[in-house]
Number of protein chains: 2
Amino acid sequence: MEKKEFSEGALPSVTVDVVIFTIKDDDLKVLLIKRSIEPFKDLWALPGGFIKDSESLEKAAERKLMDETGVKDIYLEQLYTFGSPERDPRARIVTVAYFALIKPRDIGHKKKWDVSDVQWASAYKLPKLAFDHSKIVEYALKRLRWKLEYTTVGFQLLPEKFTLTQVQDIYETILGKKFDKRNFRKKILELGLVKPSREILKDVAHRPARLYTLSKKIGDIIEII
Amino acid sequence: MEKKEFSEGALPSVTVDVVIFTIKDDDLKVLLIKRSIEPFKDLWALPGGFIKDSESLEKAAERKLMDETGVKDIYLEQLYTFGSPERDPRARIVTVAYFALIKPRDIGHKKKWDVSDVQWASAYKLPKLAFDHSKIVEYALKRLRWKLEYTTVGFQLLPEKFTLTQVQDIYETILGKKFDKRNFRKKILELGLVKPSREILKDVAHRPARLYTLSKKIGDIIEII
DNA sequence: TTTAAAGATTGTATTTCTTACACTATCTTA
DNA sequence: TAAGATAGTGTAAGAAATACAATCTTTAAA
């Protein structure tokens, strides 16, 4: 804090933008919204908006998430704050980016969507995005990959019941590399985070896989900076 | 971005605050500045202040760093953005916290300091701080510890020439645990970041230690999210 | 000058973790 | 009942991490 009270010029606006990832069709997806106004009208952008007077940044991000997906209680973490003076042509806007992981089951609960305005785009084939949102998604991807290797956030992308092969598929999709099946399963089981349920997958034209569930709240375990 | 243009109420102010760490007297220090105005007059606080109109967040943090320490080209990374509505009693202020590591040699270059207004406080025995700055320092400490274990940022805290024992001391001071001398040295040397100089420490009442220098710009190597 | 004190320097054996690798089991459909 | 598809499982070799103690070099004191 300085001696001078408050700003030295026009006040910047503060927004939050949320990079919402999910897994769908064996692909990593990002939620995008089509802009209906200038600037960047008709381009795709991340869901986001201004923070309210008496709302924390995290609450603002949760609100945006709820607005766009209709789900709450999902994994959300602050990503990075982007504040270059040129990032918005209208005015100085500082945006606090968050990244969220949602379970496939939670997709599409919100039915009011006008589908032409909202899409789950492949994180690997993104269209041109408004503002510096491409940079934000790129950064989120880096963070996601990193977290996947060194923490257990990955489980946030799984449905309630899942097979070990599904877990492996998610890792392979996001990290873009293959793992040995035996070693992978060994490691996942050693973590002690999943336990076998009594159910098995049905209606598949091969030996059905056992379904697993998470054995604890894994919130604590994720916690790494 | 939303359809509504700009804010839904009073605009928040945006500040940067910088947690500047260094090693001094075998202790991890944080730079604090005594507040001369309300609120929290006479309490210690992190160096920081409002961002300028046409200045990026990073540039603002660099400016603050330069103002307070007189040094530049030092390790600086964005830490986290704190934006709880209650964090400043005067108005809504969102602050982007940075953390910086400076080399002992760089301390005290700035001579204009009124020493009663500025101090290097032990990170382990901090006084009561203004605003939510205790929380910010705590977060920075977590990040620093983490980075020290998994990256090579630690070398940013070393003087130009250093002994391997100094490196170990820094690690032990920050991580609060002891390492085996042989294993520690082996690991440091295997990294390939340091090379022995022809000099040795002088005027010590025991076998003098060899001095090492960094062998590359380590900026690249640090890069992890 | 000799000796004690203080920290510097060095290598090996053990354990733990990581990786590589291939066959059998179970279900559906033809 | 055979073929196709994926599930499920163990072991050996190599790499990395850990545990551990004696000798070296200097200054200061006896």
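In what follows, every chain begins at residue 1, and chains take the letters A, B, ... in the order their sequences are listed.
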**OP:** Would you sort out whether B:R87 and B:D132 count as a salt bridge (Lys or Arg N to Asp or Glu O under 4.0 Å), showing the intermediate values?
**Re:** CA-CA 6 Å; B:R87 60 177 300 282; B:D132 53 359; 2.7 Å; yes

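- Residue B:Q168 contributes atom CD, which lies 13 Å from atom P of C:dG7 at whole-angstrom precision.
- For the pair B:Y124 and B:D27, the minimum side-chain heavy-atom distance is below 4.5 Å.
- Side-chain contact between A:T95 and A:I136 is present, with at least one heavy-atom pair separated by less than 4.5 Å.
- Using a 4.5 Å cut-off on side-chain heavy atoms (C-beta onward), B:I23 and B:I174 make contact.
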**OP:** Sugar-phosphate atoms are those with a prime plus P, OP1 and OP2; base atoms are the rest. Using that split, label each nucleotide of nucleotides 13-24 of chain D B, S or - for protein heavy atoms under 4.0 Å, 5' to 3'.
**Re:** -----BBBB--B

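- Annotation: of the two residues near DNA chain D, B:P208 and A:R210, the 5′-most nearest-nucleotide partner is A:R210.
- A residue-by-residue look at B:L189 and A:D203 shows that B:L189 has its nearest nucleotide of DNA chain C further toward the 5' end.
- A:K202 has its NZ atom 19 Å from the C1' atom of D:dA5, to the nearest Å.
- At whole-Å resolution of the value, CD1 in B:I200 and P in C:dA6 are 20 Å apart.
- Rounded to an integer number of Å, the gap from CG of B:L201 to P of D:dT27 is 12 Å.
- Between the CG atom of A:D169 and the P atom of D:dT6 there is a distance of 11 Å, rounded to whole Å.
- Using a 4.0 Å heavy-atom criterion, one finds that A:R185 contacts the bases of the nucleic acid, with or without backbone contacts as well.
- In this pair, B:Y80 and B:Y139 present their aromatic rings tilted. The plane angle is within the 30 to 60° band.
- Contacts of A:T165 with the nucleic acid, taken as non-hydrogen atoms under 4.0 Å apart, involve only primed sugar atoms and P, OP1 or OP2.
- Aromatic ring orientation, A:W146 versus B:W146: perpendicular (interplanar angle above 60°, classes split at 30° and 60°).
- Spacing between atom CG of A:L164 and atom P of D:dG8 amounts to 6 Å, rounded to whole angstrom units.
- Counting to the nearest Å, the P atom of D:dT6 and the CG atom of A:D26 are 11 Å from each other.
- At whole-Å resolution of the value, CD1 in A:I188 and P in D:dG8 are 14 Å apart.
- Between B:Y171 and B:F179, the ring-plane angle classifies as perpendicular under the 30° and 60° cut-offs.
- Of the listed nucleotides (C:dA8, C:dC27, C:dT28), C:dA8 has the atom at the smallest distance from the side chain of B:H206.
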